[in-house]
Structures are given as structure tokens and as C-alpha cells.
Amino acid sequence: MVENKVAIVTGASRGIGNAIAAKLASEGYAIVAAGTSDADKISAKLQAITRFGEPFAYVRADVSSEAGRQAIVDCALGKFGRIDVLVNNAGVAPKVRMDILETTEESLDRVLGINLKSTFFLSQAVAKVMCREVKEIAKIAPTIVNISSISAYTSSTQRAEYCISKAAISMTTLLFADRLASEGINVYEIRPGVINTEMTSVVKDKYDALIDGGLTPIKRWGQPEDVANAVSVVCSGLLRFSTGEVINVDGGFHIRRL
Ligand code: NAP
């Protein structure tokens, strides 16, 4: 077993997940990074994580499949022997934005499979490992972090399946937080707003204009590092009497204003 704490971060091949993995590596975590990309094609992104010299493994795995999720857990246990942190970050927007009256079953299945089913069943698989660990490893404080979105409570009728997946991640967080509290495992939801990544690059002009026009009290794009810092805080061990908490990382978007 490695001496480091071990964190699994899904969707770590770019964007928010890459920043989260790099932040946790900078704090001394061994990292299991997962994504569907070929490792050769994302070497620069992986280097952002490995530059801190901590133990590292990349698993090419689709989190919407049972086999993919099992490969991630097997890698963490096989290579490092323990799991302290799971960050369910991998997520997709619909391939095509479509009015809710036209949304297809195929798109709904795809988005729910990658965003929601992965979060639910990877949490389930990792929680079982963590339940054993709290009995076997002294002072371990296992933590599960789910990356949702302001779309958990904000309607976008052009991407209903995304909003539904994120709302369901909020309930998934509460359910696991409730079930796992007595096991000594804390569960948190991080709720990002508009963050500058590939996912939002297709709507950059729209969001530039909205932010300029006052969409958020803090008038700037969020950066992947803003989300990574929030993950670092909930994994710090300083919030152990809080579970099921939501941390908004949204420039104040959630504040109702008159
Ligand atoms: P991104 O740049 O598009 O990155 C998405 C990540 O998810 C990539 O690393 C991708 O890796 C991985 N991924 C996608 N499908 C996967 C699958 N089936 N199995 C495993 N990994 C998969 O998006 P992002 O902006 O960083 O978003 C990260 C998370 O934050 C998502 O859950 C998103 O919904 C949420 N979020 C983003 C924003 C925003 O404004 N950007 C706001 C709120 C919430 P591969 O390409 O290698 O598969």
C-alpha cells in the first residue's frame, strides 16, 4: 500500500477534472485519473498532474459502463491499495442542443448514463471499499465529491437531459451522505457555474455577453482551478461535521436579486 492518500478523479483528461487531479497531486495525493481518451493524445494534460512527482495511474475507461467503473476501482486498489477520495467529475453535455419537445431517447440515455449512472454506481462501488477501509486503516477519513452544476436547479429547455442529470446528482449526494455518515464517510456536492473549459467553448460568446451584462455578482468566468480549490477544501478534513453539503462555485449566480 502506498503511503500517500489516494484520490480517484474521473474525467481528469482535461478541464475541471484535470485541475482537480493536479490540485490533489500538489497536496501529495496519489492520483488515479480516468477518461476515455488515449493517454498518448493527452500527455500534456497528464503531465500537469504528474509534475508533482506523486504516484499516478491513468485508466482509459468509460464511466457509463460497469466494466469501465470496475477497471477504475481495480486500478486504484491494485496499484495503490487504498481509496481515500472519489471525485465524480466526468460529464457531458448533449451532443446537440435540442428543444425539450424534440429531445431524443438516445440523447437522454447517453447523458444520464455518463453523468448520473456513473456517479451513482461508482460511488456505490467505492463506498463498499471505503466501508472496509475505515475498519482497517487508522485515521482514514474517506470522502466522495460529486461535481454537479447550477443546472441542477436552473432550467435550460435546450438541454433538459443535462439539467435532469445534474438535479439527480444532487439527490444522489444526499442519499449517499445519509447512508454513509454512520460509516465515517463524508459526501459533498460541488456546484460549478460558468467555467472556462472545452465544454463551454461552444457557447463562449453567449456567456461573455451574459457575464458582461451582470449574470453573476462576481463578473468573470470561473476557472477550473476555482472548482479544484473547492474540492481541496472538502477533502482537507476540516469539514468532518458537515456532510451532504453543497458548495456553490458560481460567482454568486445562485443569489436571487432584485
Ligand atoms: P470537459 O472539458 O468537456 O471535460 C469532460 C471530462 O469528462 C473529460 O475529461 C472527458 O474525458 C470526461 N468524460 C466524458 N465522458 C466520459 C466517459 N464516458 N467516461 C469517462 N470520462 C468521460 O468538461 P468540464 O467543463 O471540465 O466538465 C467537468 C464536469 O463539470 C462535468 O461533470 C460538467 O457537467 C461539470 N460542469 C461544468 C461546467 C462548465 O461550465 N464547464 C459547469 C458546471 C458543471 P475524455 O474526453 O477523455 O473521455
Side-chain angles (χ1 to χ4, degrees), residues 8-23 31-46 48-49 58-72 75 86-95 109-122 145-154 156 159 161-170 172-173 189-204 206-208 210-211 215-216 220-228 230-231 246-251 253-254:
I8 295 172
V9 184
T10 67
S13 55
R14 61 170 186 269
I16 291 171
N18 190 252
I20 293 168
K23 176 72 180 168
I31 302 293
V32 176
T36 64
S37 298
D38 186 332
D40 291 343
K41 297 206 170 105
I42 52 164
S43 52
K45 289 289 177 192
L46 297 185
I49 308 169
Y58 176 73
V59 195
R60 193 175 178 192
D62 176 355
V63 291
S64 69
S65 85
E66 215 253 321
R69 293 187 295 272
Q70 196 55 52
I72 294 167
C75 173
L86 165 65
V87 184
N88 287 303
N89 163 80
V92 290
K95 283 182 183 161
D109 284 347
R110 172 178 170 269
V111 173
L112 290 184
I114 296 173
N115 296 4
L116 172 64
K117 196 170 75 166
S118 68
T119 298
F120 186 94
F121 285 110
L122 193 54
V145 186
N146 297 327
I147 308 299
S148 68
S149 168
I150 53 175
S151 295
Y153 63 89
T154 304
S156 299
R159 48 185 185 125
E161 59 275 60
Y162 183 78
C163 299
I164 291 164
S165 74
K166 293 300 180 176
I169 287 173
S170 299
T172 302
T173 304
E189 174 185 346
I190 308 286
R191 206 175 263 175
V194 180
I195 310 293
N196 185 14
T197 68
E198 248 175 69
M199 185 180 274
T200 45
S201 59
V202 286
V203 282
K204 182 171 181 310
K206 175 185 167 181
Y207 284 132
D208 276 345
L210 285 171
I211 292 166
L215 177 75
T216 49
R220 69 164 172 86
W221 278 77
Q223 297 302 325
E225 291 71 23
D226 290 312
V227 183
V231 172
V246 179
I247 314 279
N248 292 290
V249 184
D250 63 354
F253 175 90
H254 66 283

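Only heavy atoms go into these numbers, but all of them, side chains included; no hydrogens, no water, no symmetry mates. These numbers come from a predicted model, not from an experiment. Numbering of ligands and ligand atoms starts at 1, following listing order.
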Residue selection (non-hydrogen contact nearest [atom]) among [options]:
atom	options	answer
atom 37 (C) of ligand 1	Val87, Ile169, Ile16, Ile150	Ile16
atom 40 (O) of ligand 1	Val249, Ile42, Ile195	Ile195
atom 1 (P) of ligand 1	Arg14, Arg69, Glu198	Arg14
atom 43 (C) of ligand 1	Ser65, Ser201, Pro192	Pro192

How many angstroms lie between [atom1] in [X] and [atom2] in [Y], if you round to the nearest 0.5 Å?
X	Y	atom1	atom2	answer
Lys117	Arg69	NZ	CZ	6.0 Å
Asn115	Glu161	CG	CD	9.5 Å
Ile190	Ser149	CD1	OG	13.0 Å

[X]: numbered ligand 1 atoms lying under 4.0 Å from its heavy atoms:
X	result
Ala61	19 (N), 20 (C)
Tyr162	33 (C), 34 (O), 35 (C), 36 (N), 44 (C)
Val92	14 (C), 15 (N)
Asp62	17 (C), 18 (N), 19 (N)

Taking the side chain as C-beta and beyond, is there a heavy-atom pair between [X] and [Y] under 4.5 Å?
X	Y	result
Val246	Ser170	no
Arg60	Asp38	yes
Arg191	His254	no
Asn88	Ser118	no
Ile147	Ile20	yes
Ser37	Lys45	no
Asn248	Phe253	no
Tyr58	Ile49	no

So is there a nitrogen or oxygen of [X] less than 3.5 Å from a nitrogen or oxygen in ligand 1?
X	result
Ser64	no
Val194	no
Val63	yes
Thr200	no
Ser37	yes

If you have a sec, work out which protein heavy atom is nearest [atom] and how many Å separate them, to one decimal?
atom	value
atom 5 (C) of ligand 1	Gly91 O, 3.7 Å
atom 12 (C) of ligand 1	Gly11 CA, 3.5 Å
atom 24 (P) of ligand 1	Thr197 OG1, 3.6 Å
atom 22 (C) of ligand 1	Ala90 CB, 3.7 Å
atom 23 (O) of ligand 1	Met199 CB, 3.6 Å
atom 10 (C) of ligand 1	Ser13 OG, 3.8 Å
atom 17 (C) of ligand 1	Thr36 CG2, 3.6 Å

What part of [X], side chain from CB on, backbone N/CA/C/O, both or neither, has a heavy atom under 4.0 Å from ligand 1?
X	result
Ala93	neither
Val227	neither
Ile114	side chain
Ser148	backbone
Asn89	both
Arg191	neither

Any side-chain donor paired with an acceptor under 3.5 Å for Thr173 and Asn146?
yes
With no hydrogens and no angle check, is any side-chain donor or acceptor of [X] less than 3.5 Å from a backbone partner on [Y]?
X	Y	result
Asn18	Gly15	no
Thr200	Ile195	yes
Asn89	Gly11	yes
Asn196	Trp221	no

Test item, Gly193 contacting ligand 1 (heavy atom, 4.0 angstrom)
yes
Heavy-atom contact check, 4.0 Å cutoff: does Lys166 meet ligand 1?
yes
